[in-house]
*Asks:* 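Structure incoming, see below.
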Number of protein chains: 2
Amino acid sequence: MMEEIQLQDISIDSFFEKYELKFKAIADKKRLQIMNILTQKGAMCVCDLAPLVDMAQSKLSYHLKILLEANIITKETRGTWSYYELNQEELNHLLSHELCCVFKPFC
Amino acid sequence: MMEEIQLQDISIDSFFEKYELKFKAIADKKRLQIMNILTQKGAMCVCDLAPLVDMAQSKLSYHLKILLEANIITKETRGTWSYYELNQEELNHLLSHELCCVFKPFC
DNA sequence: TTAATTAATCAAAAAATTTTGATTTAAGTA
DNA sequence: TACTTAAATCAAAATTTTTTGATTAATTAA
């Protein structure tokens, strides 16, 4: 019984942690701008994205990693290039329909 | 023309800032827990909420202020008590329908 | 092969957020 | 009136996040 309650607590706790991670990822002006650009342009590599968001490469890679680890975007490597794309499915689970067109693709 | 472009930039910039503020407010395990409790219990005062989230009063007041400033919750003062309640309308604009029952009331 | 490009990672510095404990203000209670 | 309770605010400390610039590894191009 004790264990049951504890398990419940642990699971609700990790549930909140999961959403903390996701909301934290999108809780940033620059990362929202990145999402907005990916909404409009589809998949992009770091070197093409960098000038659009006016960011140094290492800084952009840092922000992309945050979004990637929250599953907000996906990554596909081709040669030396890394192509990043919005994860539409994930965003649909997360955001209101209203936020389509701005932070979600094809809505 | 220059001005038009600048105005556009400023407005899209403040648009991202607005959502940064809101997502930042909900991008926290403890604040999500607060929202979850308010979802279940409706309006609550700080002194009743504090033991439920196992937080000192000043800490809880700090987190409530973050949510209040993002318009995620509302506040009504009665005597010495402050009653906080989820802002259902705001959350509907922000979050997916899926996140109802967890972070949004009456869905 | 050599040089250049792409992007990830690292450590240190800078900046922002959160926690803590105390103080303050206001309102209720004996 | 004096005492207690509720909650906001404050400053300092602690913690977390972000930025910066350099380095590294892998791939492409000359």
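By convention in this document, chain letters (A, B, ...) are assigned in the order of the sequence lines, proteins followed by strands, and residues within each chain are numbered from 1.
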*Asks:* Using atom types as modelled and distance alone, determine if a side-chain donor or acceptor of K30(A) lies under 3.5 Å from a backbone N or O of H63(A).
*Replies:*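 No.
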
*Asks:* Is S61(B) close enough to dA7(D) that one of its side-chain N or O atoms is under 4.0 Å from OP1 or OP2 there?
*Replies:* no

*Asks:* Who pairs with E90(B) by salt bridge (charged side-chain N to carboxylate O under 4.0 Å, His left out), at least two apart in sequence or on another chain?
*Replies:*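 Counting only residues at least two positions away or on another chain, E90(B) forms a salt bridge (charged side-chain N to carboxylate O under 4.0 Å, His left out) with K22(B).
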
*Asks:* Sequence neighbours left out, what passes side chain to side chain contact (heavy atoms under 4.5 Å, CB included) with L64(A)? Give chain and number order.
*Replies:* I34(A), V46(A), L49(A), L60(A), I73(A), Y84(A)

*Asks:* Output all residues satisfying side chain to side chain contact (heavy atoms under 4.5 Å, CB included) with K24(A), sequence neighbours left out; order by chain, then residue number.
*Replies:* E20(A), A27(B)

*Asks:* With the sugar-phosphate defined as primed atoms, P, OP1 and OP2, and the base as all remaining atoms, what B/S/- string results for nucleotides 20-30 of chain D, 5' to 3', for protein heavy atoms under 4.0 Å?
*Replies:* BBB---BBS--

*Asks:* What is the distance, to the nearest angstrom, from the CG atom on L60(A) to the P atom on dT18(D)?
*Replies:*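 Those two atoms, CG and P, are 14 Å apart.
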
*Asks:* Could you grab the distance from atom CG of N87(A) to atom CG of L38(A), nearest 0.5 Å is fine?
*Replies:* 11.5 Å

*Asks:* Could you list the residues that satisfy side-chain hydrogen bond (donor to acceptor under 3.5 Å, both in side chains) with E98(A), not counting sequence neighbours?
*Replies:*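 E98(A) satisfies side-chain hydrogen bond (donor to acceptor under 3.5 Å, both in side chains) with H93(B) only.
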
*Asks:* Is L21(B) close to E17(B) at the side-chain level, that is, under 4.5 Å between some pair of heavy atoms?
*Replies:* no

*Asks:* Could you state the atom-to-atom distance from CG of L67(A) to P of dT18(D) in whole Å?
*Replies:* 10 Å

*Asks:* Can you pull out every salt bridge (charged side-chain N to carboxylate O under 4.0 Å, His left out) where at least one residue sits in residues 70-83 of chain B? Sequence neighbours excluded, please.
*Replies:* E76(B)-R78(B)

*Asks:* If the condition is side-chain hydrogen bond (donor to acceptor under 3.5 Å, both in side chains), which residues does E89(B) pass it with, not counting sequence neighbours?
*Replies:*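 If we apply the side-chain hydrogen bond (donor to acceptor under 3.5 Å, both in side chains) test to E89(B), skipping adjacent residues, there are no hits.
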
*Asks:* Rounded to the nearest angstrom, tell me the gap between atom OH in Y83(B) and atom C1' in dA7(D).
*Replies:*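 Whole-Å distance recorded here is 12 Å.
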
*Asks:* Counting just side-chain N and O atoms, does S82(A) come under 4.0 Å of either OP1 or OP2 of dA8(C)?
*Replies:*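 Result: yes.
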
*Asks:* Can you sort out the partners of S61(A) under side-chain hydrogen bond (donor to acceptor under 3.5 Å, both in side chains), two or more places apart, ordered by chain and number?
*Replies:*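 Listed in chain order: Q57(A).
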
*Asks:* Within residues 29-54 of chain B, which residues have any heavy atom lying less than 4.0 Å from an atom of DNA chain D?
*Replies:* C45(B), V46(B), C47(B)

*Asks:* Should the ring pair F16(A) and F103(B) be called parallel, tilted or perpendicular, given that the plane angle runs from 0 to 90° and is split at 30 and 60?
*Replies:* tilted

*Asks:* Taking 4.0 Å as the cut-off, does a side-chain nitrogen or oxygen of K65(B) come that near to OP1 or OP2 on dA7(D)?
*Replies:* no

*Asks:* Note down the inter-axis angle between the two ends of the helix from dT1(C)-dA30(D) to dA30(C)-dT1(D), five pairs each, to the nearest 10°.
*Replies:* 10°

*Asks:* Whole-Å distance between dA7(D) P and E76(B) CD?
*Replies:* 13 Å

*Asks:* Within the structure, does a side-chain N or O atom of K24(B) lie under 4.0 Å from either OP1 or OP2 of dT17(C)?
*Replies:*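 Result: yes.
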
*Asks:* It should be established whether H63(A) places a side-chain nitrogen or oxygen under 4.0 Å from OP1 or OP2 of nucleotide dT17(D).
*Replies:*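 Looking at the OP1 and OP2 atoms of dT17(D), neither is under 4.0 Å from any side-chain N or O of H63(A).
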
*Asks:* Output a table of nitrogen or oxygen pairs between the protein and nucleotides 12-14 of chain D separated by less than 3.5 Å.
*Replies:*
none

*Asks:* Just how far is it from atom CZ of F23(B) to atom CG of L95(B), taken to the nearest 0.5 Å?
*Replies:*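 Answer rounded to 0.5 Å: 7.5 Å.
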
*Asks:* Applying side-chain hydrogen bond (donor to acceptor under 3.5 Å, both in side chains), can you list everything that pairs with E85(B), at least two apart in sequence or on another chain?
*Replies:*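 Applying side-chain hydrogen bond (donor to acceptor under 3.5 Å, both in side chains) to E85(B) gives none.
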
*Asks:* Rounded to whole angstroms, how far apart are CD1 on I66(B) and C1' on dT9(D)?
*Replies:*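 Rounded to whole Å, this separation is 14 Å.
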
*Asks:* If you measure from CG on L67(B) to NZ on K65(B), what distance do you get to the nearest 0.5 Å?
*Replies:*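 L67(B) atom CG to K65(B) atom NZ measures 13.0 Å (nearest 0.5 Å).
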
*Asks:* Applying a 4.0 Å non-hydrogen cut-off, can you work out what Y84(A) is touching in the nucleic acid: base, sugar-phosphate, or nothing?
*Replies:*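 Sugar-phosphate, backbone atoms only, no base.
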
*Asks:* Specify the separation, in whole Å, of atom CD of E20(B) and atom P of dA15(C).
*Replies:*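 Nearest whole value for this atom pair: 17 Å.
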
